[in-house]
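Here's the structure we're looking at; comments come further down.
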Amino acid sequence: MSSVTGAAGKVVCVTGASGYIASWIVKFLLQRGYTVRASVRDPNDQKKTAHLVSLDGAKERLQLFKANLLEEGSFDSAIEGSECVFHTASPFVFDVKDPEAELLEPALKGTLNVLKSCAKSPSVRRVVLTSSTAAVVVNGKPLTPDVVVDETWFSDPNFCRETEQWYVLSKTLAEDAAWKFVKEKGIDMVTINPAMVTGPLLQPTLNSSAEMTVSSLVSLIKSGGRTFPNFSVGWVDVRDVADAHIRAYEIPSARGRHILTERVAYFSEITKILRELYPALQVAHKQVLLPS
């Protein structure tokens with residue numbers, strides 16, 4: 001991604017900058033000539049920040065700020081003077097013991113804390129919020145061919161609670177609250193709603209979505225000769241997601257919510273790809289129907 005005319009000298013903020021998607025956003029922003037104010041939980045934790053400070057342009061144009069999602073006002077210094085805020089910081093965990101503490105409060109309260117800081121800063125012209133298709137389509141209704149999913153769709157919080165889909169609930173509540181807040185305060189916001197994000201990592205450790213992908217593939221291999229579910233997943237490359245965030249900021253006419261899905265692949269297609277790439281492995285080959 002080459003530098004864009006007019007990006008030099010512009011200051012933007014990325015929250016949760018050490019994360020999977022955010023790291024790529026930071027990388028692409030630096031490549032384009034922006035000065036990036038990046039919030040992280042601990043700027044001194046080199047395990048979380050080394051991949052950021054080593055990016056091209058980071059020495060000259062990357063500034064790290066300490067911020068905590070649950071601490072109101074902690075994002076003020078990072079956001080002050082920024083023209084755009086890319087809010088990506090939100091927990092993504094699978095093994096949830098306390099949904100309220102681990103997912104719901106950080107996602108919802110954290111988003112509102114960031115937006116409150118945006119409302120204080122007259123420099124902020126636009127907020128780009130990282131949401132998810134999880135906040136759109138989980139409502140228990142079958143997606144038959146005649147159903148049209150549009151920008152009015154939100155996942156059903158009651159259905160999410162009944163089925164204990166806590167991550168889905170966290171993204172749904174956070175995005176819904178964000179829209180209500182920005183409409184009240186007159187803040188210009190665009191949301192990016194990606195499907196399952198895959199692709200190369202900049203950070204040294206597996207993030208939750210990458211870990212989920214790896215565990216799914218490992219389960220298909222470990223069950224070699226046995227079965228796999230007739231389940232489909234929407235996929236999108238992390239670099240496309242990062243690029244979409246920046247385009248949502250740079251294109252003045254960008255509005256509303258934007259679903260990102262490069263393709264929807266059934267597990268049958270994924271197992272076929274695995275067999276082609278790794279013929280020596282015994283990959284599950286028989287599909288079974290999931291209970292309706």
How many angstroms lie between atom [atom1] of [X] and atom [atom2] of [Y], to the nearest 0.5 angstrom?
X	Y	atom1	atom2	answer
Glu105	Asp98	CD	CG	9.5 Å
Glu71	Arg41	CD	CZ	13.5 Å
Gln165	Ser170	CD	OG	11.0 Å
Leu64	Leu62	CG	CG	5.0 Å

Decide whether [X] and [Y] are clustered together by the hydrophobic rule: side chain heavy atoms of Ile, Leu, Val, Met, Phe, Trp, Tyr closer than 4.5 Å, transitively.
X	Y	answer
Phe86	Phe181	no
Val124	Tyr249	no
Phe28	Val85	no
Ile79	Leu70	no
Trp179	Val127	yes

Pairwise side-chain contact, [X] with [Y], heavy-atom cut-off 4.5 Å (strictly under):
X	Y	value
Glu164	Trp166	yes
Val26	Leu30	yes
Ser74	Phe65	no
Arg125	Asp188	no
Val233	Trp235	yes
Phe159	Val138	yes
Val149	Leu143	yes
Leu202	Lys27	yes

Verdict with reasoning, Val238 to Tyr20, per side chain to side chain contact (heavy atoms under 4.5 Å, CB included): CA-CA 8 Å; Val238 65; Tyr20 182 33; 3.7 Å; yes
So, for [X] and [Y], which heavy atoms are closest and what is the spacing to 0.1 Å?
X	Y	value
Val36	Leu29	CG2-CB, 3.8 Å
Ala177	Leu108	CB-CD1, 3.3 Å
Val96	Leu103	CG2-CD1, 3.6 Å
Pro194	Val241	CB-CG2, 4.0 Å
Ala248	Ile192	CB-CD1, 4.1 Å
Ser82	Arg37	OG-CD, 3.5 Å

Evaluation steps, side chain to side chain contact (heavy atoms under 4.5 Å, CB included), between Tyr266 and Lys272: CA-CA 10 Å; Tyr266 275 86; Lys272 181 182 177 182; over 6 Å; no
salt_bridge(Arg239, Asp243) N-O dist < 4.0 Å: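 No.
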Side chain to side chain contact (heavy atoms under 4.5 Å, CB included) between Lys183 and Met189, worked out: CA-CA 9 Å; Lys183 287 174 182 176; Met189 186 177 78; over 6 Å; no
Cation-pi, Phe154 ring and Arg257 (6.0 angstrom, 45 degrees):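 Arg257 over Phe154 ring: yes.
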Stepwise side chain to side chain contact (heavy atoms under 4.5 Å, CB included) test for Phe75 and Thr15: CA-CA 8 Å; Phe75 290 90; Thr15 71; 3.9 Å; yes
Side chain to side chain donor-acceptor pair (under 3.5 Å): pairs with one or both residues in [range], sequence neighbours excluded:
range	answer
residues 108-123	Asp76-Ser117, Asp76-Lys120, His87-Thr111, Ser121-Ser123
residues 129-158	Thr130-His245, Ser131-Glu175, Ser131-Asn193, Thr144-Asp146, Asp150-Thr152
residues 43-62	Ser23-His51

Gln63 atom CD, neighbour heavy-atom count above 12 within 6.0 Å: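 Enclosed.
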Arg247 atom CZ: more than 12 heavy-atom contacts under 6.0 Å: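 No, because the 6.0 Å sphere around CZ of Arg247 holds 12 heavy atoms or fewer from other groups.
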Short side-chain to backbone donor-acceptor contact, Thr88 and Ala22, under 3.5 Å: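 Not a single qualifying donor-acceptor pair exists.
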Donor on one side chain, acceptor on other, Tyr34 and Glu83, under 3.5 Å: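 There is no such pair between these side chains.
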